[in-house]
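Read the structure below first, then the notes.
Start at 1 and go down the list; that is how both ligands and their atoms are numbered. Every value quoted in this text rests on a predicted model; they were computed, and no experiment measured them.
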Amino acid sequence: MKQITLAGITVPQTAALAPMASVADTAYRLLCREHGACMVTGELVSAKGLCYGSRGSAELCRITDAERPMGLQLFGAEPEFIAEAVRRLLPFRPDFIDLNMGCPVPKVVNQGAGAALLKTPELAGQLMREAVKAADGACPVTVKMRTGWDAESVCAAEFAKRMEAEGAAFITVHGRTRTQFYSGNADWKPIAAVKRAVKVPVIGNGDVTDGESALRMYAETGCDLVMAGRATYGNPWLFAEIEAAVSGGTFTPPDAEARLNEMLRHIRMILERSEKSERLTMREARKHALWYLKGYPGASAFRGRSASLESYADAEQLVRDYLAYYAAQ
Ligand SMILES: Cc1cc2nc3c(=O)[nH]c(=O)nc-3n(C[C@H](O)[C@H](O)[C@H](O)COP(=O)(O)O)c2cc1C
């Protein structure tokens with residue numbers, strides 16, 4: 001397998017897992033690493049929240065060795081908070097610290113952070129400069145950006161060059177503008193433009209859904225690594241599929257039973273790591289459960305029952321019932 005080195009981190013050139021707040025938590029990241037994700041990033045953390053000692057923010061920074069290489073991601077728009085937050089992240093020994101310049105949600109952009117920084121490149125540059133200074137060589141600082149604020153202001157290459165000049169060790173580009181949120185198709189052309197514009201490694205992201213699209217992302221953008229997000233929902237096998245595609249191997253998709261066994265294991269991983277009661281934790285686990293049978297007969301009834309799971313025993317019963325139904329098809 002071909003290896004690639006980004007910011008001193010050497011990984012197989014397969015696919016990284018995208019950061020996804022409220023989805024890609026510790027259990028999810030571990031599962032994806034086991035299935036071949038070559039690198040992961042934590043859920044976005046508020047720089048201010050971390051500086052004010054928010055317990056929730058600090059909890060998002062925990063890294064277990066099996067997750068590595070793993071980055072931690074910050075959002076914020078104030079240089080002094082970003083710098084202090086970077087210093088507070090260092091004891092968690094992240095493999096890289098990523099600055100979020102792509103989050104589209106109003107709560108984030110209304111404070112001038114996330115994708116709003118695409119409209120204030122000078123401030124974005126200052127944030128990167130301060131973050132790199134605060135990391136003091138102990139940890140690479142990177143950025144994850146969108147292609148622009150809206151279709152009229154796509155600025156990816158220029159913006160990426162500024163990030164590189166301020167010390168970004170690699171740059172991840174999601175091929176959508178802020179106003180697109182997650183709709184429409186990702187535009188990979190600005191990713192290719194970023195790759196041509198900078199010398200640091202570039203990670204391409206947006207609409208990588210299978211082995212074929214991963215190969216296309218590599219070929220069309222020249223990116224150094226691809227990153228996948230939503231296509232991993234209930235489908236950690238995506239990483240094995242991409243690995244097979246890039247190495248010319250074959251990939252055999254899991255059957256219904258293998259999918260459901262992995263779903264149960266995923267739920268156990270969530271329960272083992274939760275400090276909440278089984279009932280409350282199952283509420284968070286439900287969304288993962290209902291993703292596992294996408295496209296299968298009876299998937300909508302399965303989703304309906306997944307949405308009301310109250311215990312692990314309920315999940316086991318659901319799996320038994322589904323497999324009996326499936327065998328009778
Ligand atoms: C539920 C959800 C949460 C996300 N949270 C983050 C985040 O915390 N930080 C970030 O940089 N991007 C976040 N993203 C964006 C993804 O990392 C990724 O850029 C986007 O989903 C496009 O990739 P995909 O088409 O492979 O899903 C999130 C996306 C989703 C769907």
Cut-off 3.5 Å, no hydrogens considered: what does the side-chain donor-acceptor table look like for residues 186-197, sequence neighbours left out?
| from | atom 1 | to | atom 2 | distance (Å) |
| --- | --- | --- | --- | --- |
| D187 | OD1 | K189 | N | 3.0 |
| W188 | NE1 | G206 | O | 2.8 |
| K195 | NZ | D224 | OD1 | 3.3 |
| K195 | NZ | D224 | OD2 | 2.9 |

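Applying the under-4.5 Å side-chain rule to Ile, Leu, Val, Met, Phe, Trp and Tyr, the cluster around L309 extends to L30, L31, W237, F251, L260, M263, L264, I267, M269, L271, M282, Y292, L293, Y296, F302, Y312, L318, V319, Y322, L323, Y325, Y326. Members clustered with V154: none, using a 4.5 Å side-chain heavy-atom cutoff among hydrophobic residues.
For the pair R230 and D207, the salt-bridge criterion is met [side-chain N within less than 4.0 Å of a carboxylate O].
Sorted by chain and number, the residues within 4.0 Å of ligand 1 by heavy atom are A18, P19, M20, A21, V23, L44, Q73, N100, K144, H174, Y182, N205, G206, D207, A228, G229, R230, Y233.
Side chains of Q317 and R320: a donor-acceptor N/O pair is present below 3.5 angstrom, by distance only. Side chains of T64 and E67: a donor-acceptor N/O pair is present below 3.5 angstrom, by distance only.
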